[in-house]
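Each residue takes its place number in the sequence, starting with 1.
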Amino acid sequence: MEQYAIKGGTPLVGEVEIGGAKNAALPILAAAVMTDETVHLDNIPDVRDINVLLGAMEAIGVIVRRESRHQVTINAANIHNLIVEDDNMRKIRASYYLIGALLGKYRKAEVTLPGGCDIGCRGIDQHIKGFRALGAEVVLEHGMIRTHSDRLVGNHIYMDLVSVGATINVMMAASMAEGKTIIENAAKEPHVVDVANFLNSMGANIKGAGTDVIRIKGVSKFHGTDYTIVPDQIEAGTFMFGAAITHGDVTVKNVIPKHLESISAKLIEIGCEVMEEDDSVRVVSSKPLRRTNVKTLPYPGFPTDMQPQITVALGLAEGTSIVTESIYENRFKYVDELTRMGANIKVESSTAIIDGVSKYTGADISAPDLRAGAALVLAMLSAEGFSTIDEIKYIQRGYEDFHLKLKKLGADIELVESEKDVSKFKLRAI
Ligand code: EPU
């Protein structure tokens with residue numbers, strides 16, 4: 001089984017190119033089926049979740065051409081099936097974006113429901129509420145979500161909670177409904193804005209994305225477009241925290257610094273220097289890390305997808321820090337693994353109380369989910385001695401070439417496949 005072998009203790013130093021945002025690329029690929037004309041997409045990350053979605057799109061008749069590693073051409077003129085039943089789709093949350101896209105274009109969609117998740121219960125009631133408000137019938141049965149409608153008609157929809165997925169899904173369907181839709185209490189994440197920009201580039205009429213209120217005038221037809229996905233805020237944030245945790249000096253390139261403000265602000269609070277340029281951010285960590293408190297919130301608050309990374313950093317900060325998770329109920333599972341590396345953290349429901357320690361020590365552990373997996377790798381890079389982490393398929397869902405990018409920053413990390421490889425790595429690294 002593939003795992004990473006790591007020898008800790010080397011600060012991350014250098015520059016790293018950030019790829020396109022997975023969580024923007026997923027809904028944009030799904031939305032690309034809403035036109036019969038060809039769509040050219042650039043800056044698509046080459047990560048597992050994207051490849052699973054592309055496979056499921058091909059299975060219903062979408063022509064997908066990988067022009068190069070990050071460029072994909074989509075043509076959905078010959079979709080022959082509105083039932084998306086790919087087994088792998090249950091494993092990715094973003095499978096549900098095909099519902100909004102197909103419902104908008106064909107007034108019908110049946111998609112495998114996303115399965116359980118490692119970070120907590122993830123409802124889809126707000127997606128369903130939105131589709132129903134547009135006039136669709138929605139049923140959940142046999143592990144599928146089935147929707148259809150003779151007419152989709154715009155409506156005034158108030159989301160009961162801020163949901164990235166529901167905002168995007170309902171925005172997609174509404175952009176091809178008759179008349180006007182207003183989505184209140186909308187999510188404001190950069191990827192929501194990116195999807196709206198993409199839909200507009202295909203001929204949609206969406207205003208207000210990035211604010212609480214999105215206004216949509218439905219149109220009957222979309223056309224082809226060329227579009228480049230925004231840089232990945234969370235990949236960038238992960239490397240920025242990598243600099244903090246290993247006391248390094250890392251410049252993340254090809255980013256939008258505005259999207260990173262809540263992350264930069266916390267890094268400064270804990271004692272790092274952060275220098276912003278037009279499309280890069282440099283983080284230098286030369287002093288001991290300081291304690292702080294943080295609560296995850298919808299954008300522009302501190303992202304839940306950065307919660308494990310900041311917890312790993314605060315585990316090494318002087319004093320007691322408190323991290324509160326307000327988006328997911330079960331996103332501290334990785335703390336047990338971090339404790340095995342010497343962390344002193346107590347979790348009480350949605351709060352982690354962290355007493356900083358002076359160092360982590362290497363251990364053999366498993367990645368519990370995507371972001372926690374990446375954060376544990378950062379802990380290992382700072383730790384004394386050797387570590388291994390398996391179940392890295394989780395990390396590969398959302399980080400392209402994670403170990404190669406870390407290696408380029410000076411990390412002593414290898415992708416290994418057997419215990420023999422681990423022993424070889426240890427011999428070489430002693
Ligand atoms: N929720 C409901 N009902 C709904 C929708 C959401 O109760 O109908 C709840 C969820 O259970 C969760 C909260 O609302 O507790 C937020 O969910 P949201 O819909 O905003 O999240 P998502 O769309 O399922 C996306 C990202 C996540 C990221 C969250 C929050 C994708 C594919 N996933 O999920 O990314 O954590 O937004 O920013 O875009 C990741 O990349 O590692 C990841 C988990």
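Judged purely by distance below 3.5 Å, without hydrogens or angles, the side chains of Q307 and T296 never pair a donor atom with an acceptor atom. Side-chain atoms of T228 and N43 form no donor-acceptor pair, as typed in the model, at a separation below 3.5 Å. No side-chain donor from either of T251 and E15 sits under 3.5 Å from a side-chain acceptor of the other.
Taking each heavy atom of L260 and A236 in turn, the nearest pair found is CD2-CB, 3.9 Å.
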Decide side-chain hydrogen bond (donor to acceptor under 3.5 Å, both in side chains) for N51 and R397; before the verdict, give the C-alpha distance in whole Å, the side-chain angles of both, and the deciding distance to 0.1 Å.
CA-CA 9 Å; N51 295 326; R397 287 179 64 168; over 6 Å; no

Walk me through whether R371 and Y399 qualify under side-chain hydrogen bond (donor to acceptor under 3.5 Å, both in side chains).
CA-CA 9 Å; R371 306 301 173 187; Y399 291 91; 3.1 Å; yes

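How far OG of S382 is from CG of L12: 9.5 Å, rounded to the nearest 0.5 Å.
Side-chain atoms of D46 never come within 3.5 Å of backbone atoms of E400 as a donor-acceptor pair (strictly under, hydrogens ignored). Looking only at distances, no side-chain donor or acceptor of D194 sits under 3.5 Å from a matching main-chain atom of P190. Checked by atom type and distance alone, the side chain of T112 pairs as donor or acceptor with a backbone atom of V84 at under 3.5 Å. Of the possible polar contacts, none joining the R291 side chain to the D355 backbone as a donor-acceptor pair under 3.5 Å is found. Although no hydrogens or angles enter the test, the distance criterion places a donor-acceptor pair under 3.5 Å between the side chain of T35 and the main chain of E37. The backbone N or O of E417 lies less than 3.5 Å from no partner atom in the side chain of E2, so there is not a single donor-acceptor pair. Remark: the backbone N or O of A317 is not paired with any side-chain donor or acceptor of S321 at under 3.5 angstrom. No side-chain donor-acceptor contact under 3.5 Å links K295 to the backbone of E325.
Within 6.0 Å of the CZ atom in R65, the count of heavy atoms belonging to other residues, nucleotides or ligands does not exceed 12.
Below 30°, between 30° and 60°, or above 60°: for F302 and F241 the angle between ring planes is above 60°, a perpendicular geometry. Ring pair H127/Y96 is tilted by interplanar angle, where 30° to 60° counts as tilted. Ring pair Y227/F198 is perpendicular by interplanar angle, where above 60° counts as perpendicular and below 30° as parallel.
Residues passing the side chain to side chain donor-acceptor pair (under 3.5 Å) test with H40, sequence neighbours excluded: T73.
The shortest distance between side-chain heavy atoms of F239 and V283 does not fall below 4.5 Å.
Only one option out of K22, K253, K405 pairs with E235 in a salt bridge (Lys or Arg N to Asp or Glu O under 4.0 Å); it is K405.
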